[in-house]
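Keep in mind that what you see is a predicted model, and the values were worked out from it rather than measured. Just so we're on the same page: letters track the sequence lines, and every chain starts at 1. Only this structure's heavy atoms are used, side chains among them; waters, hydrogens and symmetry mates stay out.
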Amino acid sequence: MTESQNVRVRFAPSPTGPMHIGGLRTAIFNWLFARHHKGAFILRIEDTDQSRYKPEAEDLIYRALDWVGMDVDESPRDGGDYGPYRQSERLERYQQWATWLVENDKAYYDYTTSEELEQINEAKKKRGEPPGYDRRHRDITTEERAKLKAEGRPEVIRFKMPLTGNTEVEDMLRGKIDFDNSTLGDTVLLKSDGFPTYHLANVVDDHFMEISHILRANEWIASAPLHKQVYAAFGWQMPQIMHLPVLLNPNGKGKMSKRELQDDKGNVIPVLVHRYEELGYLPNAMMNFLTNIGWTFGEDQEVFSVEEAIERFDGTRVNPANSAFPIDKLRWFNGIYMREKTSVEELIEQFKPLLEKEGLPVDDEKLRIIVPAIQTRIETLNEFLDIAGFVFREDFEPAAAEEHIQKKMDAESTRRALQLAYDALQDMEFNAEAMEEPMRQLAKDNGLKVGQLFGTLRVATSAQKIAPPLFDTFVALGKDETLRRIEQSIAIMGAELPENAENQP
RNA sequence: GCCCCCAUCGUCUAGCGGUCCAGGACGCCGCCCUUUCAAGGCGGAAACACGGGUUCGAGUCCCGUUGGGGGCACCA
């Protein structure tokens with residue numbers, strides 16, 4: 001493509017429900033392409049199917065784009081010089097151009113009912129022929145047409161696909177793709193309810209919105225020859241076109257489903273964009289991750305900023321092959337962004353709503369102590385509560401006795417170790433660095449392994465097998481609460497001993 | 001059934017005829033560090049789907065097979 005060309009691309013979802021992760025990926029590629037070429041990124045709402053229309057969907061589309069930080073130049077919300085940007089508000093245009101095609105012998109009225117269409121397909125199937133409309137009204141006379149119309153049949157406009165020859169589509173990634181016209185049908189352009197189908201609306205809008213490049217999912221390849229022929233029928237220039245690879249299920253079987261899945265490790269694999277947000281994935285991690293599938297930054301580098309991606313995304317390094325959704329890599333990316341690309345202060349702000357939602361006290365002091373300690377330990381925002389929730393929980397539930405007992409220890413030695421720590425901690429300053437040495441010494445002096453003493457203390461104070469570093473935990477809990485929890489565990493261990501343990505020889 | 005697209009480690013990918021006994025990343029395994037778990041460091045196993053061509057030479061080009069994906073709607 002030439003740099004002087006005015007690049008205008010569009011993301012054109014249909015508002016039929018929550019935004020799908022695959023749609024977001026397509027949007028990102030369009031957006032990166034627009035930003036790289038200093039062009040315009042347009043959002044067009046393709047609401048031409050009244051039966052599938054969901055009013056809340058449009059907001060979810062904005063929300064998804066906003067979330068990952070994609071700014072939109074023209075849309076129903078943002079306005080623009082080429083509006084309206086909702087197809088339902090452009091109906092006259094489609095009707096007008098569909099009629100123009102009929103008048104110019106490029107399309108025709110068809111009166112076949114859906115029942116008749118079904119019969120046609122059934123009959124064709126029996127004969128082993130490919131399904132599809134049999135063009136019965138393609139060449140009828142005006143009288144026949146008038147008669148059919150008078151019967152009150154539904155009226156649609158179908159495109160007159162050339163019967164012979166071939167149509168060559170130039171795909172930016174694949175080069176020329178050749179279709180034999182005899183394998184193509186006469187597709188409906190204008191439905192009987194007066195709404196256009198995608199094929200008409202898409203061509204008319206892309207033309208009048210002066211779209212220069214179409215980047216769409218590769219499931220559209222099969223209808224590309226139709227679109228090319230429609231452009232030709234209108235005498236319009238077709239935008240350059242690139243069919244993007246699609247996301248497949250993590251196991252590589254089938255297109256990314258609409259239903260939430262789980263991987264073999266039990267991680268949920270959402271398919272809706274807002275679910276990723278809810279589960280604590282970071283938008284910039286998501287952006288980085290999605291940009292990496294089917295596109296290569298170069299120099300074996302996979303972690304990069306949006307700015308860097310824009311700098312390099314010229315649309316030439318897109319891999320045409322579909323790819324399985326690498327959920328593990330997303331978790332890794334999110335971890336990278338959690339610990340390397342997000343400051344402690346930013347994380348604290350992100351965790352606050354999670355605490356509120358759980359009804360836990362939002363304690364800034366505790367957050368400042370515990371967040372740096374857990375930053376390398378969690379991969380998503382939401383895991384914060386799993387690992388550090390115990391610090392904030394006032395209704396702390398101590399662990400069972402046997403959980404406390406470390407390697408080569410028993411209830412009695414565990415109780416003693418806890419008591420030792422309890423006593424030592426009494427007059428110790430609660431400072432993570434300052435506490436560690438004396439506590440190590442304490443273990444040594446009493447013939448305990450550091451792991452034995454620290455291990456049981458961790459269980460006593462956190463009731464978790466996996467917890468943040470011990471002394472950060474102590475400081476975050478505060479002296480009183482730490483001692484209280486240890487005391488509680490001492491009691492638990494004491495109760496575990498036989499009634500007359502002390503009198504045993 | 002017909003048409004179209006795609007094909008490198010388990011996965012995401014680099015590779016655009018010789019510098020590839022195929023490079024990076026995730027995941028996995030091992031070691032180090034270490035109170036646990038992570039993070040981090042070091043190391044390891046792991047791929048050109050198959051068969052024909054073309055060429056002095058093929059992961060790279062062509063054809064076929066196989067496999068995967070999509071389409072053949074008054075859905076997009």
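Judged as a salt bridge (Lys or Arg N to Asp or Glu O under 4.0 Å), the pairs with a partner in residues 451-477 of chain A (not counting sequence neighbours) are, in order, A:Glu403-A:Lys465.
Residues A:Thr48 and A:Ala201 share a closest heavy-atom pair of CG2-CB, 4.5 Å.
Sorted by residue number, the members of residues 445-456 of chain A with any non-hydrogen atom under 4.0 Å from RNA chain B read A:Val450, A:Gly451, A:Phe454. A heavy atom lying under 4.0 Å from RNA chain B marks the following residues of residues 289-296 of chain A, by number: A:Asn292, A:Ile293, A:Gly294, A:Thr296.
Side chain to side chain, A:His243 and A:Asn218 fail the donor-acceptor criterion of an N or O pair below 3.5 Å.
Annotation: A:His227 is not in aromatic contact with A:Phe159 [ring centroid separation under 6.0 Å not met]. Taking the six-membered ring wherever Trp is involved, the centroid distance between the rings of A:Trp295 and A:Phe313 falls below 6.0 Å. In this structure, the ring of A:Tyr337 has its center no less than 6.0 angstrom from the ring center of A:Trp332.
Using a 4.0 Å heavy-atom criterion, one finds that A:Asp178 contacts the sugar-phosphate atoms exclusively. In this structure, A:Phe195 reaches neither bases nor backbone, as no heavy-atom distance under 4.0 Å exists between it and the strands shown. Within the nucleic acid shown, A:Arg127 has no heavy atom closer than 4.0 Å to any nucleic acid atom. Counting any heavy atom pair closer than 4.0 Å across all strands shown, A:Ala467 reaches a base atom. The residue A:Pro469 sits close to a base: some heavy atom pair falls under 4.0 Å. Residue contacts shown for A:Gly185 are absent, as no nucleic acid heavy atom lies under 4.0 Å away.
Salt bridge annotation for A:Glu151-A:Arg153: present, with a cationic side-chain nitrogen under 4.0 angstrom from a carboxylate oxygen. Between A:Arg312 and A:Glu299 there is a salt bridge, since a side-chain N of the basic residue sits under 4.0 Å from a carboxylate O of the acidic one. One finds no salt bridge joining A:Lys228 and A:Glu170 here, because no Lys/Arg side-chain nitrogen approaches an Asp/Glu carboxylate oxygen to under 4.0 Å.
Counting atom types as modelled, A:Arg377 pairs a side-chain N or O with a base atom of B:C37 as donor and acceptor under 3.5 Å.
With a cut-off of 3.5 Å on both pairing distances, the Watson-Crick or G-U wobble partner of B:C26 is B:G10. When both distances must be under 3.5 Å, the Watson-Crick or G-U wobble mate of B:C72 is B:G1. Under the Watson-Crick and G-U wobble criteria, each requiring two contacts below 3.5 Å, nucleotide B:G64 is paired to B:C50. When Watson-Crick and G-U wobble pairs are counted only if both distances are under 3.5 Å, B:C21 pairs with no nucleotide at all.
By the 6.0 Å and 45° rule, A:Arg158 stacks over the aromatic ring of A:Tyr133.
Across A:Leu200, A:Val203, A:Val204, a single residue satisfies side-chain contact (heavy atoms from CB on, under 4.5 Å) together with A:Leu189, and that is A:Leu200. Partner A:Tyr108 forms a side-chain contact (heavy atoms from CB on, under 4.5 Å) with one of A:Leu101, A:Ile157, A:Asp186 and no other, that one being A:Asp186.
B:A49 and B:U60 have their P atoms separated by 8 Å, given to the nearest Å. Annotation: B:G30 and B:A7 have their P atoms spaced 36 Å apart (nearest Å).
For the pair A:Ile466 and A:Asn319, both in contact range of RNA chain B, the more 5′-proximal nearest nucleotide belongs to A:Asn319.
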Treat primed atoms plus P, OP1 and OP2 as sugar-phosphate and everything else as base, then score nucleotides 69-76 of chain B 5' to 3': B for base contact with protein heavy atoms under 4.0 Å, S for sugar-phosphate contact only, - for none. SSSBSBBB

Let me have a per-nucleotide readout for nucleotides 20-31 of chain B, 5' to 3', with B, S or -, counting only protein heavy atoms under 4.0 Å. ---BBBSS----

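Distance alone, capped at 3.5 Å, places no donor-acceptor pair between the A:His20 side chain and the A:Leu272 backbone.
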Name the atoms and distances for all side-chain donor-acceptor pairs under 3.5 Å in residues 318-328 of chain A, with sequence neighbours left out.
| residue | atom | partner | partner atom | Å |
| --- | --- | --- | --- | --- |
| A:Asp328 | OD1 | A:Lys265 | NZ | 3.2 |
| A:Asp328 | OD2 | A:Lys265 | NZ | 3.0 |

